[in-house]
Amino acid sequence: MNTPAMRRYLLINPNTNALTTQRLRDVLLPQLPPGVQLDVQTARFGAPYIACEASHAVAAHACLDVWTSHRGTPEQALHGVLIGCFGDPGLLALREASGCPVTGLAEASFIKAAAHGPFAIVTGGERWKPMLQRLATSLGYGAQLRHIETVAPTGAALQADPKMAIECLSQACQNAAQSGVASIILGGAGLAGYARLLQAHCDLPLIDSAQAGWEVLLQQQAPAAPSKHDGFYAPWVGLPPDFMGVPTRG
(Lines give C-alpha, C1' and ligand atoms only; values in the text may rest on other atoms or scores of the structure.)
Protein backbone atom coordinates (compact mmCIF):
# COMPACT_ATOMS: atom_id res chain seq x y z
CA MET A 1 0.00 0.00 0.00
CA ASN A 2 1.34 3.44 -0.92
CA THR A 3 2.12 5.80 1.94
CA PRO A 4 0.95 9.40 1.40
CA ALA A 5 3.84 11.79 0.81
CA MET A 6 4.82 14.04 3.69
CA ARG A 7 3.72 17.65 3.39
CA ARG A 8 6.83 19.73 3.92
CA TYR A 9 6.85 23.28 5.30
CA LEU A 10 9.71 25.68 5.95
CA LEU A 11 9.85 28.07 8.91
CA ILE A 12 12.53 30.75 8.60
CA ASN A 13 13.74 32.66 11.64
CA PRO A 14 15.21 35.84 10.08
CA ASN A 15 16.87 36.69 13.42
CA THR A 16 20.27 35.06 13.89
CA ASN A 17 19.39 34.27 17.52
CA ALA A 18 19.27 30.47 17.86
CA LEU A 19 17.29 30.76 21.10
CA THR A 20 14.43 32.36 19.16
CA THR A 21 14.54 29.49 16.68
CA GLN A 22 14.38 27.01 19.54
CA ARG A 23 11.41 28.81 21.05
CA LEU A 24 9.54 28.55 17.75
CA ARG A 25 10.41 24.85 17.59
CA ASP A 26 9.28 24.24 21.16
CA VAL A 27 5.92 25.94 20.59
CA LEU A 28 5.07 24.67 17.11
CA LEU A 29 6.59 21.23 16.60
CA PRO A 30 4.34 19.53 19.20
CA GLN A 31 1.35 20.72 17.15
CA LEU A 32 2.31 19.02 13.89
CA PRO A 33 -0.42 16.74 12.54
CA PRO A 34 0.47 13.35 11.04
CA GLY A 35 2.03 13.53 7.61
CA VAL A 36 3.45 17.04 8.11
CA GLN A 37 7.10 18.02 8.41
CA LEU A 38 8.23 21.47 9.59
CA ASP A 39 11.83 22.39 8.79
CA VAL A 40 12.89 25.25 11.10
CA GLN A 41 15.92 27.24 9.96
CA THR A 42 17.84 30.25 11.28
CA ALA A 43 19.19 33.12 9.15
CA ARG A 44 22.90 32.77 8.32
CA PHE A 45 23.53 36.52 8.65
CA GLY A 46 21.88 39.66 9.97
CA ALA A 47 20.90 40.88 13.44
CA PRO A 48 20.43 38.67 16.52
CA TYR A 49 17.02 40.30 16.91
CA ILE A 50 15.35 42.51 14.30
CA ALA A 51 14.43 45.83 15.88
CA CYS A 52 14.97 48.60 13.32
CA GLU A 53 14.61 49.44 9.63
CA ALA A 54 18.17 48.41 8.72
CA SER A 55 18.01 45.03 10.45
CA HIS A 56 14.59 44.45 8.84
CA ALA A 57 16.01 45.16 5.38
CA VAL A 58 18.93 42.78 5.87
CA ALA A 59 16.55 40.14 7.23
CA ALA A 60 14.60 40.18 3.96
CA HIS A 61 17.78 39.15 2.13
CA ALA A 62 18.50 36.55 4.83
CA CYS A 63 15.03 35.02 4.33
CA LEU A 64 15.61 34.66 0.61
CA ASP A 65 18.99 33.12 1.35
CA VAL A 66 17.46 30.44 3.60
CA TRP A 67 14.67 29.75 1.11
CA THR A 68 17.07 29.22 -1.80
CA SER A 69 19.00 26.69 0.29
CA HIS A 70 15.98 24.73 1.60
CA ARG A 71 13.30 24.99 -1.07
CA GLY A 72 13.88 21.39 -2.11
CA THR A 73 13.43 19.73 -5.48
CA PRO A 74 10.34 19.45 -7.69
CA GLU A 75 9.89 15.93 -6.30
CA GLN A 76 10.14 17.19 -2.68
CA ALA A 77 8.77 20.69 -3.05
CA LEU A 78 7.63 22.83 -0.16
CA HIS A 79 3.94 23.16 0.63
CA GLY A 80 4.35 26.46 2.44
CA VAL A 81 6.83 28.95 3.91
CA LEU A 82 6.42 30.83 7.20
CA ILE A 83 8.56 33.88 8.01
CA GLY A 84 9.17 33.64 11.76
CA CYS A 85 9.35 37.34 12.54
CA PHE A 86 6.55 39.73 13.48
CA GLY A 87 7.47 42.15 10.73
CA ASP A 88 7.49 39.70 7.81
CA PRO A 89 10.80 40.75 6.20
CA GLY A 90 10.95 39.64 2.59
CA LEU A 91 7.29 38.59 2.51
CA LEU A 92 6.39 39.99 -0.90
CA ALA A 93 9.72 38.99 -2.45
CA LEU A 94 9.38 35.41 -1.21
CA ARG A 95 5.77 35.27 -2.33
CA GLU A 96 6.78 36.42 -5.80
CA ALA A 97 9.57 33.83 -6.06
CA SER A 98 7.99 30.82 -4.38
CA GLY A 99 5.79 28.20 -6.00
CA CYS A 100 3.98 27.61 -2.69
CA PRO A 101 2.07 29.89 -0.27
CA VAL A 102 4.16 32.22 1.89
CA THR A 103 3.05 34.17 4.94
CA GLY A 104 4.62 35.77 7.99
CA LEU A 105 3.77 36.04 11.66
CA ALA A 106 2.34 39.55 11.21
CA GLU A 107 0.22 38.92 8.12
CA ALA A 108 -1.14 35.68 9.56
CA SER A 109 -1.99 37.42 12.83
CA PHE A 110 -3.80 40.16 10.91
CA ILE A 111 -5.85 37.49 9.12
CA LYS A 112 -6.81 35.84 12.42
CA ALA A 113 -7.48 39.08 14.28
CA ALA A 114 -9.52 40.67 11.49
CA ALA A 115 -12.02 37.81 11.79
CA HIS A 116 -12.93 39.24 15.23
CA GLY A 117 -13.09 42.88 14.10
CA PRO A 118 -10.75 45.80 14.83
CA PHE A 119 -7.58 44.76 16.62
CA ALA A 120 -4.55 46.01 18.53
CA ILE A 121 -0.93 44.86 18.67
CA VAL A 122 1.28 44.45 21.72
CA THR A 123 4.97 43.93 20.98
CA GLY A 124 8.47 44.65 22.25
CA GLY A 125 10.73 47.35 20.82
CA GLU A 126 9.67 50.97 20.36
CA ARG A 127 10.95 51.25 16.75
CA TRP A 128 8.43 48.66 15.62
CA LYS A 129 5.38 50.94 15.83
CA PRO A 130 5.74 52.83 12.50
CA MET A 131 7.07 49.72 10.80
CA LEU A 132 4.04 47.65 11.80
CA GLN A 133 1.60 50.40 10.91
CA ARG A 134 3.14 50.60 7.44
CA LEU A 135 3.04 46.82 7.04
CA ALA A 136 -0.61 46.58 8.09
CA THR A 137 -1.55 49.35 5.65
CA SER A 138 0.37 47.75 2.78
CA LEU A 139 -1.36 44.40 3.40
CA GLY A 140 -4.84 45.97 3.55
CA TYR A 141 -5.37 45.89 7.33
CA GLY A 142 -4.57 49.51 8.13
CA ALA A 143 -8.16 50.46 8.97
CA GLN A 144 -8.65 47.48 11.29
CA LEU A 145 -5.41 48.05 13.22
CA ARG A 146 -6.60 50.57 15.82
CA HIS A 147 -3.73 50.60 18.31
CA ILE A 148 -0.10 49.52 18.69
CA GLU A 149 1.21 49.21 22.23
CA THR A 150 5.00 48.84 22.34
CA VAL A 151 6.98 48.12 25.48
CA ALA A 152 10.51 49.39 25.97
CA PRO A 153 12.24 45.98 26.21
CA THR A 154 12.93 44.36 22.88
CA GLY A 155 11.57 40.95 22.03
CA ALA A 156 14.99 39.52 22.84
CA ALA A 157 14.95 41.05 26.33
CA LEU A 158 11.42 39.80 26.95
CA GLN A 159 12.39 36.33 25.80
CA ALA A 160 15.37 36.31 28.16
CA ASP A 161 13.38 37.30 31.27
CA PRO A 162 9.99 35.52 31.42
CA LYS A 163 9.00 37.00 34.79
CA MET A 164 9.61 40.55 33.59
CA ALA A 165 7.89 39.74 30.32
CA ILE A 166 4.69 38.57 32.01
CA GLU A 167 4.51 41.70 34.16
CA CYS A 168 5.36 44.08 31.33
CA LEU A 169 3.14 42.48 28.69
CA SER A 170 0.20 42.04 31.06
CA GLN A 171 0.05 45.80 31.62
CA ALA A 172 0.53 46.45 27.91
CA CYS A 173 -2.39 44.14 27.04
CA GLN A 174 -4.60 45.90 29.56
CA ASN A 175 -3.65 49.25 28.02
CA ALA A 176 -4.36 47.98 24.50
CA ALA A 177 -7.75 46.62 25.58
CA GLN A 178 -8.88 50.20 26.31
CA SER A 179 -8.70 51.11 22.61
CA GLY A 180 -12.07 49.59 21.71
CA VAL A 181 -10.72 46.58 19.83
CA ALA A 182 -12.07 43.05 19.62
CA SER A 183 -8.76 41.20 19.97
CA ILE A 184 -5.09 41.80 20.71
CA ILE A 185 -2.15 40.32 18.82
CA LEU A 186 0.86 39.45 20.93
CA GLY A 187 3.52 39.89 18.28
CA GLY A 188 7.03 38.52 18.14
CA ALA A 189 8.82 35.23 17.55
CA GLY A 190 10.46 35.57 20.96
CA LEU A 191 7.01 35.86 22.53
CA ALA A 192 5.72 32.58 21.09
CA GLY A 193 3.68 30.83 23.75
CA TYR A 194 3.12 33.91 25.93
CA ALA A 195 -0.47 34.55 24.81
CA ARG A 196 -1.61 31.42 26.65
CA LEU A 197 0.14 32.57 29.81
CA LEU A 198 -1.29 36.09 29.61
CA GLN A 199 -4.87 35.27 28.64
CA ALA A 200 -6.01 35.18 32.28
CA HIS A 201 -4.87 38.80 32.64
CA CYS A 202 -6.94 40.09 29.71
CA ASP A 203 -10.66 39.95 28.88
CA LEU A 204 -10.09 40.10 25.12
CA PRO A 205 -8.85 37.21 22.96
CA LEU A 206 -5.05 37.21 22.72
CA ILE A 207 -3.59 36.00 19.44
CA ASP A 208 -0.17 34.33 19.54
CA SER A 209 1.61 35.42 16.36
CA ALA A 210 3.58 32.17 16.01
CA GLN A 211 0.47 30.06 16.50
CA ALA A 212 -1.43 32.23 14.03
CA GLY A 213 1.32 31.90 11.45
CA TRP A 214 1.32 28.11 11.59
CA GLU A 215 -2.48 27.82 11.58
CA VAL A 216 -2.94 30.19 8.65
CA LEU A 217 -0.35 28.31 6.60
CA LEU A 218 -1.55 24.83 7.50
CA GLN A 219 -5.24 25.69 7.03
CA GLN A 220 -4.53 27.26 3.62
CA GLN A 221 -5.70 30.72 4.67
CA ALA A 222 -2.57 32.43 3.35
CA PRO A 223 -2.66 34.16 -0.05
CA ALA A 224 -2.06 31.74 -2.89
CA ALA A 225 1.28 31.56 -4.65
CA PRO A 226 1.27 33.55 -7.91
CA SER A 227 2.93 30.64 -9.73
CA LYS A 228 3.17 26.87 -9.27
CA HIS A 229 6.92 26.97 -9.79
CA ASP A 230 9.81 28.69 -8.03
CA GLY A 231 11.58 31.42 -9.96
CA PHE A 232 13.21 34.84 -9.87
CA TYR A 233 12.61 37.56 -12.43
CA ALA A 234 16.04 39.09 -11.86
CA PRO A 235 19.35 37.59 -12.99
CA TRP A 236 21.88 37.67 -10.15
CA VAL A 237 25.52 38.64 -9.91
CA GLY A 238 27.81 37.63 -7.05
CA LEU A 239 25.25 35.74 -4.96
CA PRO A 240 25.67 32.21 -3.51
CA PRO A 241 25.19 29.19 -5.80
CA ASP A 242 21.76 28.34 -4.35
CA PHE A 243 20.51 31.78 -5.41
CA MET A 244 21.91 31.30 -8.89
CA GLY A 245 20.30 27.86 -9.08
CA VAL A 246 16.74 29.10 -8.81
CA PRO A 247 15.19 29.28 -12.31
CA THR A 248 14.85 32.68 -13.96
CA ARG A 249 11.39 33.58 -15.19
CA GLY A 250 10.89 35.29 -18.52
Side-chain angles (χ1 to χ4, degrees), residues 7-15 17 19-42 49-50 63 79-89 91 101-117 119-125 128 132 135-136 139 141 144-145 148-149 151 155-156 158-159 162 165-166 169-170 172-173 176-177 181-223:
R7 286 184 292 159
R8 179 171 166 256
Y9 294 85
L10 174 63
L11 170 56
I12 304 170
N13 173 20
N15 309 277
N17 187 338
L19 291 177
T20 303
T21 306
Q22 189 58 51
R23 186 167 194 90
L24 289 168
R25 283 197 183 99
D26 291 344
V27 171
L28 297 181
L29 290 186
Q31 302 178 35
L32 297 189
V36 170
Q37 174 187 340
L38 181 61
D39 185 5
V40 186
Q41 296 292 330
T42 309
Y49 206 87
I50 301 159
C63 278
H79 288 78
V81 179
L82 178 59
I83 300 170
C85 167
F86 193 73
D88 301 359
L91 173 64
V102 177
T103 192
L105 301 193
E107 180 187 55
S109 296
F110 299 162
I111 291 171
K112 288 290 189 181
H116 296 277
F119 58 88
I121 293 171
V122 168
T123 193
W128 273 112
L132 290 171
L135 178 62
L139 294 175
Y141 294 95
Q144 289 160 292
L145 173 55
I148 301 175
E149 184 83 12
V151 296
L158 293 168
Q159 177 180 301
I166 292 294
L169 294 171
S170 175
C173 288
V181 296
S183 66
I184 299 171
I185 298 168
L186 197 63
L191 302 185
Y194 273 98
R196 176 179 56 82
L197 301 175
L198 289 164
Q199 187 61 75
H201 301 271
C202 185
D203 293 333
L204 296 178
L206 296 181
I207 295 172
D208 184 308
S209 63
Q211 179 79 34
W214 178 234
E215 289 179 359
V216 163
L217 198 61
L218 191 64
Q219 296 168 6
Q220 300 181 348
Q221 295 175 300

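Counted by atom type alone, Asp39 and Gln41 present one or more donor-acceptor pairs between their side chains at under 3.5 Å.
The two residues Ile207 and His116 come nearest to each other via the heavy atoms CD1-CD2, 4.3 Å. Shortest non-hydrogen contact noted between Pro101 and Ala222 is CB-CB, 4.4 Å. When all heavy atoms of Gly124 and Val151 are compared, the closest pair comes out as CA-CG2, 3.7 Å. The two residues Ile50 and Cys85 make their nearest non-hydrogen contact at CD1-SG, 3.8 Å. Between Ser209 and Leu105 the shortest heavy-atom distance is O-CD2, 3.6 Å. Considering all non-hydrogen atoms of both residues, Gly213 and Ala108 come closest at CA-CB, 3.4 Å.
Between Tyr141 and Leu135 the shortest side-chain heavy-atom distance does not fall below 4.5 Å. For the pair Ser109/Ile121, no side-chain contact is recorded, criterion being any heavy-atom separation below 4.5 Å from C-beta on. Looking at Val102 and Leu91, their side chains come closer than 4.5 Å, going by heavy atoms from C-beta outward. Residues Asp26 and Gln22 have side chains in contact (heavy-atom distance under 4.5 Å, counting atoms from C-beta outward).
Formation of a donor-acceptor pair under 3.5 Å by the His79 side chain with backbone atoms of Tyr9 is not found in this model. In terms of modelled atom types and a separation under 3.5 Å, the side chain of Asp88 and the main chain of Glu107 share a donor-acceptor contact.
The environment of CD in Gln219 is crowded: more than 12 heavy-atom neighbours from other residues, nucleotides or ligands sit within 6.0 Å.
The OG1 atom of Thr21 sits 6.0 Å away from atom CZ of Arg25, with the distance rounded to the nearest 0.5 Å. How far CG of Asn13 is from OH of Tyr49: 8.5 Å, rounded to the nearest 0.5 Å. With rounding to the nearest 0.5 Å, the separation of CG in Leu24 from CG in Leu38 is 9.0 Å. Going from atom NZ of Lys112 over to atom CG of Asp208 covers 12.0 Å, rounded to the nearest 0.5 Å.
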What side-chain donor-acceptor pairs closer than 3.5 Å can you find for residues 181-200, not counting sequence neighbours?
from, atom 1, to, atom 2, distance (Å)
Gln199, OE1, Leu206, N, 2.9
Gln199, NE2, Cys202, O, 3.1
Gln199, NE2, Leu204, O, 2.8

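Applying the side-chain hydrogen bond (donor to acceptor under 3.5 Å, both in side chains) definition to pairs two or more places apart or across chains, those involving residues 27-36 are Gln31-Gln211.
Between Phe86 and Phe110, the two ring planes are perpendicular [angle over 60°; tilted spans 30° to 60°].
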